[in-house]
Amino acid sequence: MSDSHGDDVGNVGGLNSFEPKILGFLCSWCSYTGADLAGTNRLKVPSNLRAIRVPCSGRVAPELIMRAFDQGADGVLVLGCHLGECHYDNGNHRTAKRMPVLHSLLSFVGLEPERLRLDWVSASEGERFSKIVEEFAESIRLLGPCQWRPKALQWEAENRLINQKGEMSMPQVGR
Amino acid sequence: MSKTIDIQAKTRQLLNSGQVSCVIGYEIGPRGRTRPAFIYQPDDAERMVWNRSCTHNLVPYVSDKLQSIEKNTSTGETETTQQQVAVVVKPCDSRAINVLTAEKQFSRDQVYVIGVACEGIVDGAGFGREDNGNLQARCQRCSEREPVVYDILIGEPQEVEAVDDYSDLDRLTDLTPDARVEFWLSQFDRCIRCYACRQVCPMCNCPTCLYERDDSLWVGMGIRLNEKRTFHLGRAYHLAGRCVGCNECERVCPMKIPISLLNRMLEREVEAAFGHRAGAAAAPSPLVTILDSEDGISWTS
């Protein structure tokens, strides 16, 4: 487990420039197909995006997003079908309701809210797809590396929860 | 003491008539602390008490008792709609009854609800530390003095003026994101993953907890800080739109993690976004239902 950032991303802009790791959950019916269209149209899409194909944006459990940030993602992009166009009728309704709640939870505990974005891209919107990813990657690049994971590791190390052999010791009892 | 007498009388009557086979209430334990009681015999009804230390939310026991009663009775008879368990509830606990019936954990007919007009619970209740006699913070904020659902009401509900005060949340949201990360890391750092918060929660009723799986995909069972953080945030998220604010999780936490801050933040968010107050009616959380209409959706990140 490496806690440094951007180390295994192709350092596109040279050694010192930060290239964010972006995880994209793309709905298989709309956004993934839209991404395909962007490809066939030879539109430029930032290579920061690692696309994960999901059957529906409703499949994207908040746990998955928290997991992504926990594992060192700099941004998470969730793309689904426009409301009313869901292949499963109302899967994206659930996404539309969940994401704002998750958003406020994560920003309450200190994650920059800009790092999570939900948007809708249909299968015919290759251009929109490339525009959204470009915008998102740029906004994350400006934000800089996500401190979510490194901060936790740093806190642990500073509070000497882990000794030099890598063993955990129990934290002090509060009461 | 009249509430105690009323509860005892009702317990005796319910058990004598055979309407229920178990009454869940409060008793005074051998060390003088108020604790949950399970009364099966009419003669034991005199153990029941009501005082200002009845802090426990007894609703989580309902499903367990219903299941064990179902197991013990012969399968030949089908009396599934009969009231089988009676439970003493405070106004906050009664909302949990509504949430669980909406989620089909049990049906409303299976439970006889003895609602108590609550006057607030004192701080330190359950641990024998009621010395200062102050109300718990959640009770100071609470204006509900009458249960939202009950079959019989014990006591007269009194009107109280209380403001739902979010000043503690606002103090946190005023901090910079970095300071908030620090604050929560320092809180979650103490977690020993004893799962007391989960065990005591009426809403945490998954047979296998997502966060306690050997083959965990999403979060490990260890006590690494990031795993503990994911556990707490995940649990808070699972309670969004369902948490009734009984505050049991925070009360039982041996490490004094301010879990209720997360829950109240989400309670406020959900109320603002969906106009939903958990358990005010027997309606499921808005997060598991579809949108009412496709008009008026203006989600932008």
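As the structure is a prediction and not an experimental result, all values here were calculated from the model. Just so we're on the same page: letters track the sequence lines, and every chain starts at 1.
- Using a 4.5 Å cut-off between heavy atoms, B:Phe274 touches chain A through its side chain atoms alone.
- A salt bridge links B:Glu248 to B:Arg251: one of the charged nitrogens lies within less than 4.0 Å of a carboxylate oxygen.
- Options B:Ile257, B:Leu185, B:Asp178, B:Leu287 differ in how many heavy-atom pairs under 4.5 Å they form with chain A, and the most are formed by B:Leu185.
- In this structure, B:Tyr211 and B:Phe231 have perpendicular ring planes: the angle between them is above 60°, well past the 30° mark.
- For A:Ser57 (side chain) and A:Gly80 (main-chain N/O), no donor-acceptor pair under 3.5 Å exists by modelled atom type.
- Contacts of B:Glu182 with chain A are made by both backbone and side-chain atoms, with heavy-atom separations under 4.5 Å.
- The contact between B:Leu266 and chain A is made entirely by side chain atoms (from C-beta outward), counting heavy-atom distances below 4.5 Å.
- Of residues 165-176 of chain B, those residues with a non-hydrogen atom less than 4.5 Å from any non-hydrogen atom of chain A are, in numerical order, B:Leu169, B:Leu172, B:Thr173.
- The most heavy-atom pairs under 4.5 Å with chain B, out of A:Asn90, A:Val109, A:Asn92, come from A:Val109.
- For chain A, the option among B:Met265, B:Arg180, B:Arg229, B:His238 with the highest count of heavy-atom pairs below 4.5 Å is B:Arg229.
- Proximity of a side-chain donor or acceptor of B:Tyr26 to a complementary backbone N or O of B:Leu58 within less than 3.5 Å is not detected.
- Across B:Ala179, B:Ala273, B:Ser186, the residue that shares the most heavy-atom pairs under 4.5 angstrom with chain A is B:Ser186.
- Looking only at distances, no side-chain donor or acceptor of B:Arg52 sits under 3.5 Å from a matching main-chain atom of B:Ile121.
- Contact check on A:Glu112 versus A:Arg115 returns a salt bridge, with a Lys/Arg side-chain nitrogen under 4.0 Å from an Asp/Glu carboxylate oxygen.
- Taking all atoms of both residues into account, the shortest heavy-atom contact from A:Phe69 to A:Gly75 is CE2-CA, 4.1 Å.
- With hydrogens and angles left out, the side-chain atoms of B:Ser260 and B:Glu250 include a donor and acceptor closer than 3.5 Å.
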Anything under 3.5 Å between a donor and an acceptor, one on a side chain of residues 123-131 of chain A, the other on a protein residue two or more places apart or in another chain? List them.
unit_1: A:Ser124; atom_1: OG; unit_2: A:Ser122; atom_2: OG; d: 3.1
unit_1: A:Glu125; atom_1: OE1; unit_2: A:His82; atom_2: NE2; d: 2.8
unit_1: A:Glu125; atom_1: OE1; unit_2: A:Ser122; atom_2: N; d: 2.8
unit_1: A:Glu125; atom_1: OE2; unit_2: A:His82; atom_2: NE2; d: 3.4
unit_1: A:Arg128; atom_1: NE; unit_2: A:Trp120; atom_2: O; d: 2.7
unit_1: A:Arg128; atom_1: NH2; unit_2: A:Asp119; atom_2: OD1; d: 2.8
unit_1: A:Arg128; atom_1: NH2; unit_2: A:Trp120; atom_2: O; d: 2.8
unit_1: A:Ser130; atom_1: OG; unit_2: A:Glu127; atom_2: O; d: 3.4

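- Checking side-chain atoms of A:Asn41 against main-chain N and O of A:Leu43 turns up no donor-acceptor pair under 3.5 Å.
- Ranked by non-hydrogen atom pairs under 4.5 Å with chain A, the options B:Leu233, B:Leu262, B:Val270 are led by B:Leu233.
- Using a 4.5 Å cut-off between heavy atoms, B:Ala240 touches chain A through its side chain atoms alone.
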